[in-house]
Amino acid sequence: MIDAPVQREQRLEDARVLVELGELTQAEAAVAAVLDENGDNLEALRLYSKIKHMRGQLSLALACHAQLQARGAAPGESARMHLESMLHMAQDPERGAGEFLAVGQRLVQKPAAYLALEEAFQLYVARRPNEARAVCRRAATRYRERDVDVYKLSVLAEAWISELSGDLEAACATLERLGHERGFEADLDRVMALVSLYELIGTREKLEAAVNICRFLERSFDSRFVAGRLALLHHRLGQQEEAARYEARHLAAYRCWMHRPSFAEVVRVAARRFLPLGRLRSTNFVDNELPEDVSPGERAIAAALAGKIGEAEGILAGAGESIDFLHRANLAALMESGSQHAVSLCARALRADPSDPRLAGWLLDVEARTPCEEIAAVFREGPVASRVLAELEVAVKTAPADARVWRRLATFFGLQPGGTEQQAQFDDRAVALELAAQDRARVSGKVLAAAIYRFFGRPCGLIHEVWATREMPPLGQAGGTLRRDDILGAVTDELKDSVRNIFLAVREYARVKFPHRTRDILDYNYCYKITKEDEPSGGVSAGIPTALAFLSLFLQQPVPADVASTGTLVADAHDVLTVKPVGDIEHKVDAAYHRNLRLIVVPRGNQAQLEQSALVPRAVTRELVRYVADFDEVARLAFGELGP
C-alpha cells in the first residue's frame with residue numbers, strides 16, 4: 001500500500017512527464033487531484049499554473065501565480081517587491097494616488113510603508129533624488145523604534161534611490177551601516193541588495209565579497225536562487241572551473257523549477273505506466289544518471305532511452321512479473337511500432353492492467369491503422385472491455401475536443417458485437433474534430449508574443465497571443481487600412497499608435513518583398529486584437545509579434561505555434577525594418593521556457609544582457625533564443641525561405 005505523500009509525489013512526477021509529452025489534459029487531471037487533497041501544495045500549484053499557461057488560459061495562470069507570490073517571495077525579494085511597487089505607483093499617479101491601491105478590480109489599503117515613503121518616490125520620479133533620500137532618512141528616524149519593518153524599508157529605499165541615481169558608493173555605505181545594527185547583520189533583503197551593488201561596482205574586492213555572501217545564502221536556500229549569480233561572479237573573477245560547476249547546478253535547479261522532468265523521473269514514470277519512449281528519446285536531459293537502487297525494469301527503460309535496445313532486452317529476458325510485460329511492451333512499441341511481437345506484449349500487459357489508458361490507446365491506434373485479430377480478441381474480453389470503455393468515457397468528458405479519443409472510441413465499438421452504429425457516430429465526430437484542428441493549424445495572423453505582467457511592481461513573464469484578421473470593405477469603399485477603432489483589447493493609446501505604424505510599415509514591406517503573394521493586400525480592411533486583458537497593454541515591445549501577425553495574414557502563411565517573439569520595430573525605409581532591444585528580456589525568455597516553446601525570437605541588442613543573466617541559464621538561452629537584427633531575419637525564422 002502506497003502512503004498518501006508518496007502517491008501525491010508519483011502523481012506530480014507523472015504530470016511533469018505528461019506535460020513534457022504535451023499531454024496536458026491528463027497532466028491537469030493528475031495535478032487537480034493532488035490539489036483537491038491538499039490545496040496548500042505549492043509544487044502542485046506551480047505545475048497547475050504552468051499547464052494553464054501552456055493552454056493559453058492566462059487569467060487562471062496569473063491567478064495561480066498571484067497566490068504563489070502571496071505565499072512567499074524568493075529570498076531577498078520581499079522588500080524589493082515593495083519598493084518596486086512604490087516606484088511603479090509613483091510613475092502612474094492615477095493608479096497610485098490616495099491611500100488605496102488598485103489591484104485588479106479591487107482597492108487595497110496601502111500599508112504604512114507606502115504612506116511613509118510615497119513622497120520619496122514621487123520626488124525621485126520628479127528628478128529630485130537628493131530630496132527623495134532625505135525623505136527616506138526622515139522616515140527611518142520616525143519609524144526606527146515604532147515599526148522595525150518600515151524602518152528597514154526606509155533604509156533600503158534610500159539605498160535603492162542612490163543606486164538608481166548612479167551613486168553606488170553611497171548606496172553601499174547605507175546598506176553596510178544597516179548591517180552593523182543588531183538584527184540586520186544577515187537580513188536577506190539587505191544582503192541581496194548589497195550583492196547587486198557589489199556586482200555593479202565590479203572591483204575584484206567587491207566581487208569576492210559578493211561571492212562570500214552568495215555562498216552564505218547557498219547553505220540555506222535552493223540552488224536556483226544563487227547558483228546562477230555565483231556562476232556569473234566566478235566568470236568575472238576568471239575562475240572558470242568554479243563557474244562551470246555553478247552553471248551546471250543552476251541549470252539542474254532551473255529545469256526542476258520549470259517542471260522539466262529529469263532523466264531519473266522519466267525512467268520512474270515509464271516503469272509505472274505505458275509511455276511513448278520514442279518521443280521521450282528526443283528530450284534533452286541534463287544528465288543520464290540513475291540512483292543505484294533501481295529495479296530491473298527501470299534499468300531497462302534507461303538503457304532504451306539511451307539507445308541501447310539490446311541491453312534493455314537482456315535485462316528483461318526471462319522476467320515474468322506482470323509489470324515486466326509492460327516494460328517489454330514499451331520496448332517493443334519503441335522498436336517495432338505495430339509489429340506482431342509488440343502487439344502480443346501490449347495485449348498481455350493490457351490483460352494484466354486494463355486500467356492503463358495509454359496502453360489501450362496504443363493498441364486501438366494500431367488496430368485503426370492495421371486490423372489485427374489479437375487486438376480484437378483482447379478488447380472483446382469482458383473485464384478488459386468494461387474497464388477500457390470506462391477509461392475512454394472519462395477521456396471523452398475531460399477532453400471532448402480531442403479527435404484521438406473519439407477515434408479510439410469508434411475503433412473500440414467497431415470491435416464489439418452490435419457496435420457498428422456507435423462506431424459510425426464516433427467516426428463522424430472524430431473526422432469533424434480533425435478537420436477543425438487542420439483549419440486551426442492553417443490559420444494565418446495568429447502569433448505568440450512574449451510580454452510582462454507586474455505583481456506589485458515585480459515583473460512576471462508570460463506568453464500571449466496577438467491576432468490579425470481581415471474582411472472585405474463595404475461596397476464602394478477602399479481597402480488596405482487598419483482603423484484605430486479596429487485595434488481591440490485592453491491597449492493604451494500609445495500601443496494603438498504603435499500598431500497602426502507597424503501595420504503601415506509591414507504592408508509596404510510585404511508589397512516590396514513579396515509582390516507575387518500580396519496582389520490582394522489592398523482588397524481588405526484589417527483588424528488587430530491583443531489578448532491578456534487583465535490590465536492595459538502598452539509599450540512598443542510587441543513590435544515583432546505584431547509585424548509577424550500582419551505579415552502572416554498578408555502572405556496567408558501561418559506562424560508556427562511553438563515560436564514566440566518580442567522586440568521593437570523601427571521602419572528605416574519602405575523595405576528595411578530594423579529590430580531594437582526591449583526591457584525585461586530575462587523574464588520574457590523565462591516565460592517562453594515555462595511554456596515549453598521551441599524558440600523565442602529576440603533583438604540582437606539584448607544578447608549581452610541575456611548572456612549575463614542570473615535568472616535564465618546560458619544553456620537554456622543557447623537552446624531557446626534566436627537573435628535578430630532586422631525583420632528579414634525574423635521572417636526567415638518564422639516562415640523559412642519563402643518561395644513563389
* Take atom CZ in Arg484; do more than 12 heavy atoms of anything else shown fall under 6.0 Å from it? -> yes
* Is it true that a side-chain atom of Ser49 and a backbone atom of Ala61 form a donor plus acceptor pair closer than 3.5 Å? -> yes
* Rounded to the nearest 0.5 Å, what's the gap from CG on Leu251 to CD on Glu623? Could you check? => 9.0 Å
* Does any donor atom in the side chain of Gln67 or Tyr48 lie under 3.5 Å from an acceptor atom in the other side chain? -> no
* To do: Output yes when a side-chain donor or acceptor of Lys580 lies under 3.5 Å from a complementary backbone atom of Pro603, and no otherwise.
  => no
* Minimum heavy-atom distance Ile463-Ala564, with the two atoms named -> CD1-CB, 4.1 Å
* Could you state the interatomic distance from CG (Leu123) to CD (Glu118), rounded to the nearest 0.5 Å? -> 11.0 Å
* Structure fact -> Ile51 and Leu24 have their tightest heavy-atom pair at CG2-O, 4.2 Å
* Asked: Side-chain contact, heavy-atom cut-off 4.5 Å: Arg598 with Val563?
  -> yes
* **side-chain contact (heavy atoms from CB on, under 4.5 Å) between Leu62 and Tyr453, worked out** => CA-CA 9 Å; Leu62 291 170; Tyr453 192 94; 3.7 Å; yes
* To do: Please confirm whether Phe554 and Tyr526 have ring centers closer than 6.0 angstrom.
  => yes
* Asked: Out of curiosity, Leu637 CG to Ile600 CD1, how far, rounded to the nearest 0.5 Å?
  -> 12.0 Å
* Structure fact -> Looking only at heavy atoms, the pair that brings Ala468 and Ala549 closest together is CB-O, 3.8 Å
* **Check: Arg483 main-chain N/O paired with Thr481 side-chain donor or acceptor under 3.5 Å** => no
* Minimum-distance pair of heavy atoms, taken over all atoms of Ala132 and Ala120 -> CB-O, 3.1 Å
* Asked: Is there side-chain contact between Gln609 and Pro581, with at least one heavy-atom pair below 4.5 Å?
  -> no
* Structure fact -> Tightest non-hydrogen contact, residues Ala510 and Thr518, listed as O-OG1, 3.6 Å
Please output the side-chain donor-acceptor pairs of residues 227-239 that fall under 3.5 Å, not counting sequence neighbours, one pair per line with the distance.
| residue | atom | partner | partner atom | Å |
| --- | --- | --- | --- | --- |
| Arg229 | NE | Glu199 | OE1 | 3.2 |
| Arg229 | NE | Glu199 | OE2 | 3.1 |
| Arg229 | NH2 | Ser196 | OG | 3.3 |
| Arg229 | NH2 | Glu199 | OE1 | 3.2 |
| His234 | ND1 | Gln239 | OE1 | 2.5 |
| His234 | NE2 | Arg215 | NH2 | 3.2 |
| His235 | ND1 | Gln240 | OE1 | 2.7 |
| His235 | NE2 | Glu247 | OE2 | 2.9 |
| His235 | NE2 | Arg618 | NH2 | 2.7 |
| Arg236 | NH1 | Glu199 | O | 3.0 |
| Arg236 | NH2 | Glu199 | O | 3.2 |

* Asked: Which residues pass the side chain to side chain contact (heavy atoms under 4.5 Å, CB included) test with Gln607, sequence neighbours left out?
  -> Arg604, Glu611, Tyr627
* Of Val625, Leu615, Thr566, which meets side chain to side chain contact (heavy atoms under 4.5 Å, CB included) against Val589? -> Val625
* **Main-chain N/O of Tyr124 paired with Arg127 side-chain donor or acceptor, under 3.5 Å** => no
* **Stepwise side-chain hydrogen bond (donor to acceptor under 3.5 Å, both in side chains) check, Arg500 with Tyr528** => CA-CA 9 Å; Arg500 296 187 73 200; Tyr528 175 87; over 6 Å; no
* Compare all side-chain heavy atoms of Met472 with those of Tyr524 and state whether any distance is below 4.5 angstrom. => yes
* Side chain proximity check, His464 to Leu448, heavy atoms < 4.5 angstrom -> no
* Structure fact -> CD1 (Ile585) and OG (Ser613) are apart, to the nearest 0.5 Å, by 10.0 Å
* **Val634, Thr578, Val602 screened by side chain to side chain contact (heavy atoms under 4.5 Å, CB included) with Val628, the one that passes** => Val634
* Drop me the distance from Cys256's SG to Glu43's CD, to the nearest 0.5 angstrom. => 6.5 Å
* Quick check: does any side chain N or O of Ser498 sit under 3.5 Å from a backbone N or O of Glu494, one acting as donor and the other as acceptor? -> no
* Side chains of Leu548 and Phe639: closer than 4.5 Å at any heavy-atom pair? -> yes
* **Ser552 side chain vs Gln557 backbone, donor-acceptor pair below 3.5 Å** => yes
* Say whether, by atom type as modelled, one donor and one acceptor occur between the side chain of His53 and the main chain of Leu462 under 3.5 angstrom. => no
* Asked: Between the side chain of Thr546 and the main-chain N/O of Val499, is any donor-acceptor distance below 3.5 Å?
  -> no
* Could Lys529 and Glu465 be called an ion pair, given the rule that one side-chain N must be under 4.0 Å from one carboxylate O? -> no
* Given Leu577, which of Val506, Asp632, Asp630 fulfils the side chain to side chain contact (heavy atoms under 4.5 Å, CB included) condition? -> Val506
* Cut-off 3.5 Å, side chains only: do Arg55 and Thr25 have a donor facing an acceptor? -> yes
* Val191 and Leu217: side-chain contact (heavy atoms from CB on, under 4.5 Å), yes or no, with the steps? -> CA-CA 9 Å; Val191 297; Leu217 296 172; 4.2 Å; yes
* Atom pair CZ (Phe121) and CH2 (Trp160), whose distance is rounded to the nearest 0.5 Å -> 5.5 Å
* Would you say the side-chain atoms of Ser444 pair up with the backbone N or O of Leu553, donor to acceptor, closer than 3.5 Å? -> no
* **Side-chain ion pair, Asp562 and Arg595, N-O less than 4.0 Å** => no
* Using the side-chain contact (heavy atoms from CB on, under 4.5 Å) rule, take Tyr254 and Arg260 through it: C-alpha gap first, then chi angles, then the decisive distance, then the call. => CA-CA 9 Å; Tyr254 184 79; Arg260 306 304 289 264; over 6 Å; no
* To do: For Asn525 and Gly479, work out which heavy atoms get closest and say how close.
  => OD1-CA, 3.3 Å
* Pair Glu633 + Arg636: basic N to acidic O under 4.0 Å -> no
* Might you work through the side-chain contact (heavy atoms from CB on, under 4.5 Å) test for Glu20 and Glu265, ending with a clear yes or no? => CA-CA 12 Å; Glu20 192 72 16; Glu265 281 184 308; over 6 Å; no
* Asked: Between Tyr198 and Cys172, is any pair of side-chain heavy atoms under 4.5 Å apart?
  -> yes
* To do: Find out whether Lys50 and Val31 are in side-chain contact, i.e. whether some heavy atom of one side chain is under 4.5 Å from a heavy atom of the other.
  => no
* To do: Kindly say whether Val582 contributes a backbone atom to a donor-acceptor pair with the side chain of Asn606 at under 3.5 angstrom?
  => yes
